[in-house]
S.K.: 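My questions all concern the structure below.
Counting begins at 1 with the first residue of the sequence.
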Amino acid sequence: MQDKFKEILKRYLSGNADKQQEKIIEDFIQGLERKPLIDLKDIKSDTVVRNSIYSKIKYQTKKSKRRRSLGLISLATTCVIILGFFIYSNNIHTNQKIAYCATENQSKSIKLSDGTLVELTSGSSLVLSKDFNQFNRKVTLVGDAFFNVAKDSLKPFIVCSDNFNTQVLGTSFFVKQNLVEVVTGKVKVMDPKNQENYVILYPTDKVWLKDDRLYKNTIDILSLVSPGSLSFVFQKKTLAQWQEVIEEEMDVKIVFLSKPSNSELTVDADFRNSTMADILQSLSYLYDFEYKIENKTIIINNAKK
């Protein structure tokens, strides 16, 4: 029922709802106006809640052009619809929630109370309960994010998003609208509409949703993207130090058949959120080497002649 209502709400906000679906939403709006789930004064006075709602509205509406104007409902009413549905479907109150939001043109780094690091892409938001990590580690994601999850064998980390429920114990991975990519560790990805429809992912695996089915495929090593953490901001690091960080954070193996003559050269660089291809291209230029890929191993060949 909740999933059906959510789909109708999406259609209504994008102007694709039929008359019957429009009536369902408009009746819901009228019901909220008669007996609101939350006072709009509380939204205005709570910066975190206000930003979270605003981020969600922008994310839901920026994807496509409307065939009808959202002038039919005011911004305040839109807020009430979205927040009302959030409360209705999760059975919570806003004063029990914490929301983190990334602005439109800037990503946001977050460290949760369990030690998990989250990098929100621009326009995305993360919502969790104030008692997060006391009984469980469940969060709700709107948009895209990279997670580097702290290990806790007793409390799995669960990310709920539009198309996936992603469960891990301790690993790093990306969650996007229609795609989950694993960098390190083991991840269980479930269809939120059918918990029995799931796949297990390992490093270099990815899964995407199409026609209500989960499809699994292996990621090209060169397409792996580094975390947005400070570990990929290098200051006066040698090639061996670069190797250590890349192997640990991106779960690959680097083998040197012959070390470059200038391997002790120290370099400053910022490789946060960079593809493996970009990192290797830069390093091979700086240290004058060639490389090839075999499965999850990067083999550094003899220095270029």
S.K.: Suppose the criterion is ring pair (Phe, Tyr, Trp, His ring centres under 6.0 Å): which pairs have a residue in residues 166-197, not counting sequence neighbours?
M.R.: Phe146-Phe174, Phe147-Phe173
S.K.: Give a yes or no on this: more than 12 heavy atoms of other residues, nucleotides or ligands lie within 6.0 Å of atom NZ of Lys237.
M.R.: yes
S.K.: Quick check: do Leu126 and Thr140 have side-chain heavy atoms less than 4.5 Å from each other?
M.R.: no
S.K.: Run the side chain to side chain donor-acceptor pair (under 3.5 Å) test against Thr297 and tell me which residues pass, sequence neighbours left out.
M.R.: none
S.K.: Please list all pairs meeting salt bridge (charged side-chain N to carboxylate O under 4.0 Å, His left out) that have one or both residues in residues 261-282, counting only residues at least two apart or in different chains.
M.R.: Asp270-Arg272
S.K.: Do Ile98 and Phe132 have side chains that get closer than 4.5 Å, going by heavy atoms?
M.R.: no
S.K.: For Met190, what are the other residues in its hydrophobic cluster, where any two members join if their side-chain heavy atoms are less than 4.5 angstrom apart?
M.R.: Tyr198, Ile200, Tyr202
S.K.: Does some side-chain heavy atom of Asn301 sit less than 4.5 Å from a side-chain heavy atom of Phe289?
M.R.: no
S.K.: Could you check whether any side-chain heavy atom of Val267 comes within less than 4.5 Å of a side-chain heavy atom of Phe234, counting everything from C-beta outward?
M.R.: no
S.K.: Residues two or more places apart in sequence or in another chain: which of them pass side chain to side chain contact (heavy atoms under 4.5 Å, CB included) with Lys108?
M.R.: Tyr100, Ala102, Ile110, Leu120
S.K.: Hey, could you give me each pair passing side chain to side chain donor-acceptor pair (under 3.5 Å) that has a residue in residues 147-159? Not counting sequence neighbours.
M.R.: Asn133-Lys155
S.K.: For Leu201 and Val180, run side-chain contact (heavy atoms from CB on, under 4.5 Å): C-alpha distance rounded to whole Å, both residues' side-chain angles, the deciding distance at 0.1 Å, then the answer.
M.R.: CA-CA 9 Å; Leu201 303 181; Val180 175; 4.2 Å; yes
S.K.: Would one find more than 12 heavy atoms of other residues, nucleotides or ligands at under 6.0 Å from atom CD of Gln134?
M.R.: yes
S.K.: Do the side chains of Ser122 and Gln106 get nearer than 4.5 Å, heavy atoms only?
M.R.: no
S.K.: Of the non-hydrogen atoms in Ala150 and Gly115, which two are nearest, and what is the gap between them?
M.R.: CB-C, 3.9 Å
S.K.: With heavy-atom distances below 4.5 Å as the criterion, would you say the side chains of Met250 and Ser226 are in contact?
M.R.: yes
S.K.: Between Gln243 and Phe256, what is the shortest heavy-atom contact and its length?
M.R.: OE1-CE1, 3.1 Å
S.K.: Taking atom CD of Gln281 as the centre, report whether more than 12 heavy atoms of other residues, nucleotides or ligands fall under 6.0 Å from it.
M.R.: no
S.K.: Transitive ILVMFWY cluster of Leu230 at side-chain heavy atoms under 4.5 Å: who else is in it?
M.R.: Val233
S.K.: Using every non-hydrogen atom in the two residues, find where Ala99 and Val127 come nearest and quote the distance to one decimal.
M.R.: CB-CG2, 4.1 Å
S.K.: Taking all non-hydrogen atoms of both residues, which atom of Ala269 and which atom of Trp242 are closest, and how far apart?
M.R.: CB-CH2, 3.6 Å
S.K.: If two hydrophobic side chains count as joined below 4.5 Å and joins carry through other members, does Leu117 share a cluster with Val245?
M.R.: no
S.K.: If only atom types and distance count, is the side chain of Thr116 paired as donor or acceptor with the main-chain N or O of Leu112 below 3.5 Å?
M.R.: no
S.K.: Kindly write out the residues that satisfy side chain to side chain contact (heavy atoms under 4.5 Å, CB included) with Thr266, not counting sequence neighbours, or none if the list is empty.
M.R.: Lys236, Thr238
S.K.: Nearest 0.5 Å please: distance from the OH atom of Tyr291 over to the CG atom of Leu280.
M.R.: 5.0 Å
S.K.: Hey, what do you get for CG (Leu128) to CD1 (Ile158), rounding to the nearest 0.5 Å?
M.R.: 13.5 Å
S.K.: Is there a side-chain contact between Asn163 and Leu179 in this structure, where contact means two heavy atoms from C-beta onward sitting under 4.5 Å apart?
M.R.: no
S.K.: Got a salt bridge between Asp114 and Arg137, using NZ or NE/NH1/NH2 to carboxylate O under 4.0 Å?
M.R.: yes
S.K.: Look up atom CG in Asn165 and atom SG in Cys160, then write down how far apart they are to the nearest 0.5 Å.
M.R.: 4.0 Å
S.K.: Name all residues meeting the side chain to side chain donor-acceptor pair (under 3.5 Å) criterion together with Ser129; count only those two or more places apart in sequence or in a different chain, and write none if there are none.
M.R.: Asp131
S.K.: Pair Phe232, Asn273 - check side-chain contact (heavy atoms from CB on, under 4.5 Å), show working.
M.R.: CA-CA 9 Å; Phe232 274 85; Asn273 300 312; over 6 Å; no
S.K.: Rounded to the nearest 0.5 Å, what separates atom NZ in Lys130 from atom NZ in Lys97?
M.R.: 11.5 Å
S.K.: Can you see which heavy atom on Thr275 is nearest to which on Leu222, and at what distance?
M.R.: CB-O, 3.8 Å
S.K.: Check this for me: Glu244, atom CD, are more than 12 non-hydrogen atoms of other residues, nucleotides or ligands nearer than 6.0 Å?
M.R.: no
S.K.: Which residues pass the side chain to side chain contact (heavy atoms under 4.5 Å, CB included) test with Ser282, not counting sequence neighbours?
M.R.: Phe271
S.K.: What residues form a side chain to side chain contact (heavy atoms under 4.5 Å, CB included) with Glu294, not counting sequence neighbours?
M.R.: Lys292, Ile299
S.K.: Do Phe157 and Thr166 come close enough that some side-chain heavy atom pair is under 4.5 Å?
M.R.: no
S.K.: Measure the CD-CD1 distance between Glu247 and Ile254 for me, rounded to the nearest 0.5 Å.
M.R.: 5.0 Å
S.K.: To check you understand the geometry: which heavy-atom pair defines the closest contact between Asp191 and Leu214, and what is its length?
M.R.: N-CD1, 4.0 Å
S.K.: Does a side chain donor of either Glu119 or Ser109 reach within less than 3.5 Å of an acceptor in the other side chain?
M.R.: yes
S.K.: If I take atom OG from residue Ser284 and atom CD1 from residue Ile300, how far apart are they, to the nearest 0.5 angstrom?
M.R.: 8.0 Å
S.K.: Not counting sequence neighbours, which residues clear side chain to side chain donor-acceptor pair (under 3.5 Å) with Ser172? List them please.
M.R.: Thr184
